[in-house]
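This is a predicted model, so every value here is computed, not measured. Both backbone and side-chain heavy atoms feed into the values below; hydrogens, waters and symmetry mates do not.
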Amino acid sequence: NKGAVAVKMMVFRRTICFLNCHFAAHMDAVSRRNADFEHVYHKMAFGRSGIGLNTTAVAAGVSSAVQMIR
């Protein structure tokens, strides 16, 4: 149940990206959190919006992929 969602948009000719993450909690899960972030960072990709607005949103789950690596 861990993952991330992001929205990228153009505002006044500047690209802005908002990222929201839900990763493992507590100090004993630092390495898992770092692995989850690394997965999201490398797997998240934005495409072009087909609705006439220059805005895209993506989501990346991390639990299954990170567990498979471990």
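- By the side chain to side chain contact (heavy atoms under 4.5 Å, CB included) test, F18 pairs with M9, I16, sequence neighbours left out.
- At distances below 3.5 Å, not a single donor-acceptor pair connects side-chain atoms of R33 with backbone N or O atoms of F23.
- Taking the side-chain hydrogen bond (donor to acceptor under 3.5 Å, both in side chains) definition, one finds that H42 meets it with E38, sequence neighbours left out.
- Here the side chains of T15 and C17 are not in contact, with every heavy-atom distance at 4.5 Å or above.
- With rounding to the nearest 0.5 Å, the separation of NZ in K8 from CG in L19 is 13.0 Å.
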